[in-house]
Q: 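My structure is below; once you've seen it, I'll send some questions.
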Amino acid sequence: MLAYQHAYHAGNFADLHKHLLATTLAEQLLRKESPVTFIDTHAGRGWYPLAARETEQLREYEQGVLPLWQVRDRWLTDAGEPKSPSADKPLARWLARLADMQPDAAKGSASELSVYPGSPWWLSQSLRRGDRLLAYELHPGEIYHFDQAPVQRDSLGKVMRRQQDGLSGLLAAVPVTTPRVAVLIDPSYELKNDYRDVAEVVVETLRKSRHATIMIWYPLLPAGRQHDLLERLKKHSPAPMWRSELTIDSPEGEHGMYGSGMLVINPPWQFDRQFSTAMQEVVEVLKGALPAPQSVAVEHKGLWWLSEEVARERSEPKPMPRERLLSLRKLNQKVKRDSDVEVTQAKPKREKLKRGEGWAKPRVRNDSATPKAKGKRHSATAKPKTSIKAQVKDEVHGHSAPSQKRVSEKPAERKSTAAVEPTRPRGKGETAGKGAGKDSASWSDWSSSVPGKGRREGSTRVSMRSTPAIGRDGQVNPNSTTKLPRKYAAKQRPEDNKDVGKPLDAREARALREKQESNAMRGKAAPGKDSSGKKQGNKPRGPRKP
């Protein structure tokens, strides 16, 4: 709402109560050297001439600051300075600053009260180097007057005003860059939701800046709406709070403000005693200045709304109740016991798995056609994995299924097959004469039973599971056209070769076989020459594609 203008109420008893408290608190904060950021959420104009049309309409200052101004001689000298006995009193220093604010203050003791400053002016008078003031005001008319006030011209860049809602600006400003922060919140409370909004903003501000000093002004109304604000803060605030209330009338009636209240969160040390002493002097002056029925109701009360002990208990972690602690212990023991039972039951099963028990025992592959896979463990029921590429090769070259030629269906059949398997040719390092008869006699039977039988003649496709291409006698095996490791190569070479006596490798054996086949087809040409009569070299040709 932008209908409220504070010029109609400038200088009343609520301003006296609020500004005296803010000035006293600022003086105590500025005794330390660390910088302070002051935030005024509802700054207003900051400068109110008492002769203005709005102020003269209600003249509320006659029941507020004017009675104190008329008896200022109790605390001030003729020059407007605090007297020696009263120099330490907050009220005397406050009146001295008010006297300096008047236009004829240079002429000595001012005779009339013509100007009353607002809260930005009171907070900006004591700013030091490093301190600053953030003044928020949403009303465009109040912003215009604020720019023309001396509070903006005499602040030397320490005051920053912003046309923005004060509560949202406060949440955006905290945490501040300075070590300390002091906030003054004094909205108009034109809406009922203002009490709730102020409480929520204060709780969020304390969450962001726990040690912030916050001053909240609230009106004392017969409807008692201020209790909602106080109860919310007492319930959710984790910081100590002190209340100060000044009443000038009885709370009878339905409308009208009968008093002013200030709630201070995280007040400085001994601030409550110092301010209560100053307010007692204000109450004595107001009782003598107000009419008889009203003067009886003038009173000031100060009390701790949330003590430091309770606030400290809220901020510290609370110990868990004994009943809750015992229940959690029983639950933890039950969970641990159940987990131990699961581990105990699962341990024998894991041991069985390690020993090979609990499922079909793995068997060693005993397929003679797979020398590289010899000794590999696999499940008896598992089928060997065959890639698509290998399956295509088997179909093209007439292979049987890999699962049929690698693993038999039953262990007994595989054992019987392995028992009648003929002896394989001897490896590298053996001579052709040792055991030649025995090996040559079983050679034909062994080679004819190899899965490579029935391929297309002349194919040079390599398969490591096939029989050797050359026997121990140096003859080419017509049933096999594949390559084997070097240890299965023959020991004989042609007599015209210079490497007589050295074993043939697979490539040389294949070249010799192809040469013999070519000679047989071309009429048995002379060895070492092709059909054209040209002499061929000893370098064998590479494999031919099928």
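Not measured: the values here are computed from a predicted model.
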Q: Got a second to check how far Arg243's CZ is from Leu306's CG, nearest 0.5 Å?
A: 12.0 Å

Q: Would you call Arg59-Glu62 a salt bridge at under 4.0 Å N-O?
A: yes

Q: Enumerate, atom names and distances included, each donor-acceptor pair closer than 3.5 Å involving a side-chain atom of residues 322-329, sequence neighbours excluded.
A:
unit_1: Ser327; atom_1: OG; unit_2: Glu323; atom_2: O; d: 3.3
unit_1: Ser327; atom_1: OG; unit_2: Arg324; atom_2: O; d: 2.7

Q: Trp75 ring centre to Lys83 NZ or CZ under 6.0 Å, with the angle to the axis within 45°?
A: no

Q: Could you check whether any side-chain heavy atom of Val65 comes within less than 4.5 Å of a side-chain heavy atom of Asp15, counting everything from C-beta outward?
A: no

Q: Where is the tightest heavy-atom contact between Leu286 and Gly64, given as atom of each residue plus distance?
A: CD2-O, 4.0 Å

Q: When the aromatic ring centroids of Tyr189 and Tyr195 are compared, is their separation below 6.0 Å?
A: yes

Q: Please examine the side chains of Leu221 and Gln226, heavy atoms only from C-beta on, and report whether any two atoms are closer than 4.5 Å.
A: yes

Q: Under 3.5 Å, is there a donor-acceptor pair between the side chain of Lys18 and the main chain of Gly261?
A: no

Q: Is the shortest side-chain heavy-atom distance between Leu233 and Met241 below 4.5 Å?
A: yes

Q: More than 12 non-hydrogen atoms from neighbouring residues, nucleotides or ligands closer than 6.0 Å to NZ on Lys32, yes or no?
A: no

Q: Step by step, work out the side chain to side chain donor-acceptor pair (under 3.5 Å) result for His42 and Ser188.
A: CA-CA 9 Å; His42 300 78; Ser188 59; over 6 Å; no

Q: Have a look at Phe275 and tell me which of Gln270, Met262, His300, Gln280 forms a side chain to side chain contact (heavy atoms under 4.5 Å, CB included) with it.
A: His300

Q: Heavy-atom distance under 4.5 Å between the side chains of Leu98 and Tyr116, does that happen here?
A: yes

Q: Say whether, by atom type as modelled, one donor and one acceptor occur between the side chain of Ser209 and the main chain of Pro175 under 3.5 angstrom.
A: no

Q: Going by the side chain to side chain contact (heavy atoms under 4.5 Å, CB included) test, name the single residue among Asp40, Leu167, Ile39 that passes it with Ile185.
A: Leu167

Q: Looking only at the aromatic ring of each residue, does the gap between the centers of His227 and Tyr218 stay below 6.0 angstrom?
A: no

Q: Roughly how far apart are Leu229 CG and Leu263 CG, rounded to 0.5 Å?
A: 7.0 Å

Q: For the residue pair Glu112 / Gln102, report whether a side-chain donor-acceptor contact shorter than 3.5 Å exists.
A: no

Q: Under 3.5 Å, is there a donor-acceptor pair between the side chain of Gln63 and the main chain of Asn12?
A: no

Q: Drop me the distance from Leu220's CG to Tyr258's OH, to the nearest 0.5 angstrom.
A: 4.5 Å

Q: How close do Ser126 and Leu30 get, heavy atom to heavy atom, and via which atoms?
A: O-CD1, 3.1 Å

Q: Short question: side chain of Ser168, backbone of Gln164 - any donor-acceptor pair under 3.5 Å?
A: no

Q: Got more than 12 heavy atoms from elsewhere within 6.0 Å of CD, Glu33?
A: no

Q: Hey, are Thr247 and Glu299 close enough side-chain-wise for a donor-acceptor pair under 3.5 Å?
A: no

Q: Looking at Glu204 and Arg207, is any side-chain nitrogen of the basic one under 4.0 Å from a carboxylate oxygen of the acidic one?
A: yes

Q: Would the distance check show the side chain of Asn266 and the main-chain N or O of Ala212 forming a donor-acceptor pair, the cut-off being under 3.5 Å?
A: yes

Q: Using a strict cut-off of less than 4.0 Å between a Lys/Arg side-chain nitrogen and an Asp/Glu carboxylate oxygen, indicate whether Glu27 and Arg97 qualify as a salt bridge.
A: yes

Q: Within the distance-only criterion (no hydrogens, no angle test), does the side chain of Thr205 pair as donor or acceptor with the backbone N or O of Val201 below 3.5 angstrom?
A: yes

Q: If we ignore angles and hydrogens, is there a donor and acceptor under 3.5 Å between the side chains of His9 and Tyr48?
A: no

Q: Is a salt bridge present between Arg161 and Asp147, judged by a nitrogen-to-oxygen distance below 4.0 Å?
A: yes

Q: Under a 4.0 Å threshold between the charged nitrogen and the carboxylate oxygen, would Asp131 count as salt-bridged to Arg128?
A: yes

Q: Charged N to carboxylate O under 4.0 angstrom, Glu245 versus Lys301?
A: no

Q: Before giving the answer on salt bridge (Lys or Arg N to Asp or Glu O under 4.0 Å), spell out for Glu137 and Arg45 the whole-Å C-alpha distance, their side-chain angles and the decisive distance to 0.1 Å.
A: CA-CA 9 Å; Glu137 180 56 48; Arg45 299 183 182 182; over 6 Å; no

